[in-house]
Amino acid sequence: MQLIHPTAHFHPYKNASGGWGSAHSVMSILWREQALGKAPAALMKQNKPKGFACVSCAWAKPGNPHALEFCENGAKATAWELTSLRTDADFFARHTLSELRGWSDYDLEQHGRLTHPLRYDAQIDQYVPTTWEEAYAAIGVQLKQLASDEVAFYASGRASLEASFMYQLFARAYGTNNLPDSSNMCHESTSVGLQESIGVPVGTVTLADFEHTDCIFFFGQNVGSNSPRMLHPLQEARRRHVPIIIFNPLRERGLERFVNPQSVSEMLGPSSTAISTQYHQVAIGGDTAAVMGIAKALLFMDRQAMEAGAQPVLDHAFIAEHTEGFDAFVAQVDGYSWDDLVQRSLLSRSSMEAAATVYARSQKVMIIYGMGMTQHRHGVGNVQMLVNLLLLRGNIGKPGAGICPVRGHSNVQGQRTVGITEDPAKVPKDRIEARFGFKVPSKKGLATVDTCKGIQDGSVKGFIGLGGNFLRAVPDTDRMEPAWKGLTLNVQVATKLNRTHLFAGQHTWLLPCLGRIEIDQQDGTPQVYTTEDSTGCIRAWQGHAQPAAEQLRSEAAIIAGLAQATLGDEVRIPWDDWRRDYVKVRQAIADIYPEIFHDMETRMWEEGGFHRPLPAAQRKWATESGKAQFKTPSRLDEDDDVSLGTDRRDVVQLMTLRSNDQFNTTVYGYDDRFRGVHGTRSVVFLNRNDIVRLGFAPGQWVTLRTAIEPEVRREVGPFQIIDYDIPEGCAASYYPESNPLVPLWHHAERSKVPAAKSVPVSLHAALPTEQNRRNEIPDGDQVRE
């Protein structure tokens, strides 16, 4: 079942985000997934009290929800999960894994929900049905035969707090801290940077702060595609004339204009809300320089004010009482010339001064950021520069102000809170040992990049994947896929078939699970589950749809079954009791993490849920010195493998990005409406001057090659060139198709987040493949915006 794509074309999108374009896109996927009968009823319960948490992004859910508390991508995720299509045992009897590896990511997942537990039969190269009992027993035997540190327990970020807590206990009772997760691939730079700077690994902003703020800065986050529900508080802020200042390489429609689909007058009329008041197209990897420029302008204004006897621009009282490192930071800012900052950021001095002027006039400022800041070689420093900017004017620890990282997967922050981490120093090991009767391993485990290296060199022999599409999400895809066959044990828990499932180890199992929209009944008793959103808010939810198949089991039940088969009665963990009653799991969570989860069973049902403690929001700094830290970056270049404009003129800095028709590795379709691309993902976005300078033309086919580590050939394509509004020396192409370009070692210092937002690449003329020809952009169909 190969999708025949329509002829691709590119026309810049002129409409606002939201509006009729969003409504049409939602109706299209409901029809395609054959979910028109049940998805609309489910959508009315999405992100609502007593309803279910959206399975896509982790953006906060208000206590007083809108009538329709879901966005375009959230609706697509719901339709995707509630599809009437099925990938059953008969499907696997008709197709070998070798054949399925020729299918696209879209076609694999579009085929529908998995229905039966499966094991891989190498003799016929097919999955065959098995029983849950056989799967548990065989996997338990295989785990017992492996050394504990030879196994990685991966979590994708969609599992509930209950399942995540059980999963990390399973791994540690088994004897390892090998708990790589999706946070390792996106926001670990946040966890490291914020912990060092302000003493908490998460943001300090809550939804209530949007009501009090008088200025918002955005860095490296595309709200229109990745967290559209945030557009509602942003629209309300703009109606109060709150300035919103954007720093992003591409002009994204969601950051420019918005039509609220829930407003009849907006849907029927011509009006829309302008989101940005300043839009600065910073160079890829130029954010630190841009923030340094804002700080330089603030210091100049502050010195002028002090000399004139006027009100200071900086909050010197806050800096003196609550911070350390200010003088060293000022010295570094003073050490850079405006020429340095302009050259690296590709912004004019006036642009940076304009942003600083608005910042200086504002009393309560929030900074919102995404993976455009974290996925760089110096991503930790990027995050800390944003904190530095807030500290200059005391903008942490008061209503309407603070730092706001926007997480991706719906419970990725929550799973870290309950112990999904490779670092045993970040879990309350004494409480775990006293309660459950086993020794928490002291050796630091493997993060995602470490796990990939271990699979490549053979030191990792077992892999359990709790959701996700690991092989497509990680870097260096073309080296990871052949290495996968070296695994002794490969266990995948999933709702749909994806590319990772097509690469088998010696013993491979595919275990289908319930989605969180579906009713989870254990021994006839309906269960509820909890999640934590990007703002640290924890709430209870429950599924409402009938399960896609009788054989499906919940993630918690699968974890309990695997753990019992592997560990038996070696530890004091009542796996089957927990499987039957999630209340008992939550009681254990509250015992191990009482500061966060005390009285959890009551508080999780409160309107809007309850927030985890955020000491920095009360100006209590859980740092070594008890004060917030100004952290000076080691350099302006966020990615210093090849410096733009100095080393190689044939190299551009590539960032990977998502379309508005996907969520992470899940591709819902081949249109990127907001960027005007239709019918293909085989494109590379370039500045017109670079296209001409490098000897190409819009619409030409090229391959992209990584311009570092030349002894290793990393290449993707053919991709078609699109003339786009992007800074010179920069390029963009889609994730995960461009992941093969990212070397495993090309990751953020200290956090090990793959530096996928800045990869030096060169372009080489190519001919389209037969598949690409169906997607070709016709000559003359490109219209420059």
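These numbers come from the heavy atoms of this one structure, side chains and all, not from hydrogens, waters or symmetry mates.
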- Message: Taking Leu514's backbone N and O only, do any of them form a donor-acceptor pair with Ser554's side chain (distance below 3.5 Å, no angle check)?
- Response: no
- Query: When you check the side-chain N and O atoms of Asn382 and Gln384, is any donor under 3.5 Å from an acceptor?
  - Reply: no
- Query: Is Glu570 salt-bridged to Lys439, cutoff N-O under 4.0 Å?
  - Reply: no
- Going by distance alone, is a donor N or O of one side chain under 3.5 Å from an acceptor N or O of the other, for Ser227 and Gln221? yes
- Message: Strictly below 4.0 Å, N to O, side chains only: are Glu422 and Lys444 in salt-bridge contact?
- Response: no
- Message: Cation-pi check for Phe436 against Arg572: NZ or CZ below 6.0 Å from the six-membered ring centre and within 45 degrees of the axis, yes or no?
- Response: no
- Between Arg516 and Ser410, is any side-chain donor less than 3.5 angstrom from a side-chain acceptor? yes
- Task: Take atom NZ of Lys45 as the centre, draw a 6.0 Å sphere, and report whether it contains more than 12 heavy atoms from other residues, nucleotides or ligands.
- Result: no
- Query: Can you find a side-chain donor-acceptor pair between Ser189 and Thr374 that sits under 3.5 Å?
  - Reply: no
- Under 3.5 Å side-chain donor-acceptor pair for Trp541 and Thr531: yes
- Message: For a quick check under 3.5 Å, do Thr176 and Asp149 share a side-chain donor-acceptor pair by atom type?
- Response: yes
- Query: Lys426 and Asp423: side chain to side chain contact (heavy atoms under 4.5 Å, CB included), yes or no, with the steps?
  - Reply: CA-CA 6 Å; Lys426 295 180 179 179; Asp423 188 352; 3.7 Å; yes
- Query: Is the number of heavy atoms from other residues, nucleotides or ligands under 6.0 Å of Lys620 NZ greater than 12?
  - Reply: no
- Message: Tell me whether Glu601 is salt-bridged to Arg586, with the criterion being a basic N under 4.0 Å from an acidic carboxylate O.
- Response: yes
- Query: Is the Trp59 ring parallel, tilted or perpendicular to the Phe210 ring (thresholds 30°, 60°)?
  - Reply: perpendicular
- Query: Within 45° of the ring axis of Trp605 and under 6.0 Å from its six-membered ring centre, is that where the NZ or CZ of Lys50 lies?
  - Reply: yes
- Side chains of Pro62 and Asn64: does their closest heavy-atom pair fall under 4.5 Å? no
- Task: Over 60° means perpendicular and under 30° means parallel, so classify the ring planes of Trp578 and Phe165, tilted if in between.
- Result: tilted
- Query: Do Asn490 and Gln492 have side-chain atoms, one donor and one acceptor, less than 3.5 Å apart?
  - Reply: yes
- Item | Asp523 and Arg579 ion-paired at < 4.0 Å | yes
- Item | Glu607 with Arg539: basic N within carboxylate O range, under 4.0 Å | no
- Answer yes if the ring centres of Phe170 and Phe153 are under 6.0 angstrom apart, and no otherwise. yes
- Query: Judged by atom type as modelled, is there a donor-acceptor pair below 3.5 Å linking the side chain of Thr535 to the main-chain atoms of Thr206?
  - Reply: no
- Item | Side-chain donor-acceptor contact under 3.5 Å, Glu606 with Thr602 | no
- Arg416 and Ser191: CA distance, side-chain angles, deciding distance, side-chain hydrogen bond (donor to acceptor under 3.5 Å, both in side chains) verdict: CA-CA 10 Å; Arg416 304 282 286 184; Ser191 301; 4.6 Å; no
- Query: Hey, are Glu433 and Arg172 close enough for a salt bridge, meaning a charged N less than 4.0 Å from a carboxylate O?
  - Reply: no
- Heavy-atom check, side chain of Phe663 versus side chain of Lys76, under 4.5 Å: no
- Message: Tell me every residue that passes salt bridge (charged side-chain N to carboxylate O under 4.0 Å, His left out) with Arg658, counting only those two or more places apart in sequence or in another chain.
- Response: none
- Item | Pair Ser160-Glu555, side-chain donor/acceptor within less than 3.5 Å | no
- Item | Any donor-acceptor pair under 3.5 Å from Ser182 side chain to Ser156 backbone | yes
- Separation between CD (Gln168) and CG (Leu466), nearest 0.5 Å, reads 12.0 Å
- Message: Is it the case that the side chain of Asn47 and the backbone of Phe70 share a donor-acceptor pair, with hydrogens and angles ignored and the cut-off at 3.5 Å?
- Response: no
- Message: Could you check whether Glu188 pairs with Lys752 (Lys NZ or Arg NE/NH1/NH2 to Asp/Glu carboxylate O, under 4.0 Å)?
- Response: no
- Message: Ignoring hydrogens and geometry beyond distance, is a side-chain donor-acceptor pair present between Gln629 and Ser197 at under 3.5 Å?
- Response: no
- Message: Any donor-acceptor pair under 3.5 Å linking the side-chain atoms of Asp181 with those of Gln415?
- Response: yes
- If you measure only the distance, is there a donor-acceptor pair under 3.5 Å linking the side chains of Gln527 and Gln522? no
- Query: Between the side chain of His598 and the main-chain N/O of Tyr593, is any donor-acceptor distance below 3.5 Å?
  - Reply: no
